[in-house]
There are 2 protein chains.
Amino acid sequence: MAKPRHSRLDCTPGCAVEAAISLIDGKWKAVILYHLQEGPVRFNELRRRSGSVTQRMLTNQLRELETDGLIEREVFAQVPPRVEYRLSERGRTLSPIIEALKAWGDANMDLFARRWTARA
Amino acid sequence: MAKPRHSRLDCTPGCAVEAAISLIDGKWKAVILYHLQEGPVRFNELRRRSGSVTQRMLTNQLRELETDGLIEREVFAQVPPRVEYRLSERGRTLSPIIEALKAWGDANMDLFARRWTARA
DNA sequence: AGATACGGTATCCTTTTCGACACTATGGGC
DNA sequence: GCCCATAGTGTCGAAAAGGATACCGTATCT
């Protein structure tokens with residue numbers, strides 16, 4: 001998020017869940033993190049893999065993930081420019097969540113099929 | 001979500017992740033699901049446990065979760081009214097995700113402390 | 001000379017989210 | 001007669017998220 005939608009640390013038990021989800025919400029962050037699981041990926045490669053994300057959105061989301069310390073950005077002094085994104089140490093610890101999301105999504109595709117045909 | 005922010009089922013590998021996250025995004029759904037893990041909870045009890053959620057938001061989120069088949073709503077014909085929410089069969093399969101979020105959040109509280117003091 | 005690829009920015013606009021507040025109906029306690 | 005609790009609904013408006021489009025500079029390919 002990089003902009004907290006939460007005001008305090010009065011932390012009821014649900015607070016940790018709220019905090020964690022706030023880092024990967026938005027339409028693209030979880031997907032980006034998923035694509036980075038295997039190793040470093042370049043900007044446009046990420047763009048291609050993530051479907052319909054616009055350049056602006058991808059830039060924004062990557063910046064926020066970087067600010068939150070979940071990914072790292074490496075610029076190679078080349079022409080044409082080459083910028084690689086990779087999971088940070090902390091970002092790697094998110095893997096169980098990303099994997100769980102992937103697994104659940106795969107197992108429940110029927111649900112999305114219904115939702116999308118019914119209302120899209 | 002209940003309103004798809006996605007257009008198609010052209011499903012690149014990241015699609016499953018995107019689909020799954022779309023069900024629990026927003027500020028409250030994951031927290032609600034977390035509070036329902038232990039068993040049925042009444043409306044106002046959920047409200048109290050979830051911190052600063054307004055009545056309207058809680059109602060909305062519960063309705064969407066119900067529409068998506070993740071929770072069930074049971075109304076008892078009493079006065080004052082009594083309405084209980086519980087995880088559905090499918091909702092229970094989300095537990096690994098919720099637990100992973102909780103665990104990660106607990107393990108990374110330092111990050112949120114920094115974010116919140118820096119910008120809130 | 002023109003098109004392409006790279007990794008972005010800047011600007012504008014629409015959609016979605018979310019919070020504040022008021023309002024509902026019922027019955028019980030004071 | 002009035003306020004309390006329960007579980008909501010309706011309307012309003014601000015703010016945030018997200019999409020469209022145009023633009024940048026460099027270098028290489030044709």
Side-chain angles (χ1 to χ4, degrees), chain A residues 1-8 18 21-32 35-36 40-68 71-86 119-120, chain B residues 1-8 18 21-32 35-36 40-67 71-86 115 119-120:
Chain A
M1 238 329 75
K3 279 156 287 170
R5 302 204 283 193
H6 317 276
S7 38
R8 290 183 297 150
E18 188 182 350
I21 196 82
S22 78
L23 286 179
I24 58 171
D25 74 354
K27 210 168 146 182
W28 305 109
K29 287 191 188 171
V31 181
I32 292 169
H35 288 307
L36 293 181
V41 183
R42 298 181 58 175
F43 184 86
N44 273 355
E45 179 58 24
L46 211 42
R47 187 148 129 77
R48 277 186 289 270
R49 286 198 210 167
S50 301
S52 59
V53 67
T54 62
Q55 216 166 23
R56 192 179 88 86
M57 281 311 299
L58 185 54
T59 304
N60 282 353
Q61 303 289 288
L62 287 168
R63 291 289 183 276
E64 290 192 8
L65 288 169
E66 197 191 354
T67 300
D68 288 336
I71 64 172
E72 285 157 10
R73 180 170 182 268
E74 186 174 6
V75 182
F76 297 84
Q78 297 180 0
V79 157
R82 171 193 180 84
V83 180
E84 276 186 5
Y85 293 90
R86 77 192 67 232
R119 280 189 286 268
Chain B
M1 240 332 70
K3 280 156 285 171
R5 303 205 283 194
H6 318 274
S7 41
R8 288 185 297 151
E18 188 182 349
I21 196 80
S22 78
L23 285 180
I24 58 170
D25 74 354
K27 208 167 146 183
W28 306 109
K29 287 190 189 173
V31 181
I32 293 170
H35 287 307
L36 293 181
V41 183
R42 297 181 60 176
F43 184 85
N44 273 355
E45 180 57 26
L46 212 42
R47 187 148 129 77
R48 276 185 289 270
R49 287 198 211 168
S50 301
S52 59
V53 66
T54 61
Q55 215 165 24
R56 195 175 89 78
M57 280 311 299
L58 184 54
T59 305
N60 282 354
Q61 303 290 290
L62 286 168
R63 291 288 182 279
E64 290 192 8
L65 287 169
E66 197 191 354
T67 301
I71 64 173
E72 284 157 8
R73 181 171 181 267
E74 184 173 6
V75 183
F76 297 83
Q78 296 181 3
V79 157
R82 172 195 180 84
V83 181
E84 277 187 4
Y85 294 89
R86 76 192 67 232
R115 294 208 313 152
R119 281 188 286 269

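The chains referred to below are lettered A, B, ... by the order of the sequence lines, with proteins before strands, and numbering in each begins at 1. Atoms considered below: every heavy atom in the structure, side chains included; atoms not considered: hydrogens, waters and symmetry mates.
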To the nearest Å, how far apart are [X] [atom1] and [N] [atom2]?
X: A:Phe76; N: C:dA5; atom1: CZ; atom2: P; value: 21 Å
X: A:Gln78; N: C:dG8; atom1: CD; atom2: P; value: 13 Å
X: B:Met57; N: D:dC12; atom1: CE; atom2: C1'; value: 15 Å
X: B:Asp25; N: C:dC18; atom1: CG; atom2: C1'; value: 13 Å
X: A:Arg82; N: D:dG25; atom1: CZ; atom2: P; value: 25 Å
X: A:Leu46; N: C:dG8; atom1: CG; atom2: C1'; value: 14 Å
X: A:Glu45; N: C:dC6; atom1: CD; atom2: P; value: 9 Å
X: B:Glu84; N: D:dT6; atom1: CD; atom2: P; value: 14 Å

Of all the nucleotides listed ([options]), which has the minimum atom distance to the side chain of [X]?
X: A:Val79; options: C:dG7, D:dT26, C:dG27; value: D:dT26
X: B:Arg56; options: C:dG8, D:dA5, C:dG19; value: C:dG19
X: B:Tyr85; options: C:dC6, C:dG8, D:dG8; value: D:dG8
X: B:Asn44; options: C:dG8, D:dG19, D:dA7; value: D:dA7
X: A:Gln55; options: C:dG7, C:dC6, D:dA7; value: C:dG7

Any side-chain heavy-atom pair of [X] and [Y] under 4.5 Å:
X: B:Tyr85; Y: B:Leu65; value: no
X: A:Val31; Y: A:Val53; value: no
X: B:Arg73; Y: B:Val83; value: yes

Over all atoms of both residues, closest heavy-atom pair of B:Ser50 and B:Trp28: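 Answer, listing the atom of B:Ser50 first, then B:Trp28: O-CZ3, 3.6 Å.
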Given [N], is OP1 or OP2 found less than 4.0 Å from the side-chain N or O atoms of [X]?
X: A:Lys27; N: D:dG19; value: yes
X: A:Arg47; N: C:dG8; value: no
X: A:Arg63; N: C:dT9; value: yes

Position toward the 5' end of DNA chain C (nearest nucleotide), B:Asn60 or A:Pro80: A:Pro80
Test item: A:His35 side-chain N/O and A:Val41 main-chain N/O as donor-acceptor pair under 3.5 Å: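 Flag not set: sc A:His35 to bb A:Val41 has no pair under 3.5 Å.
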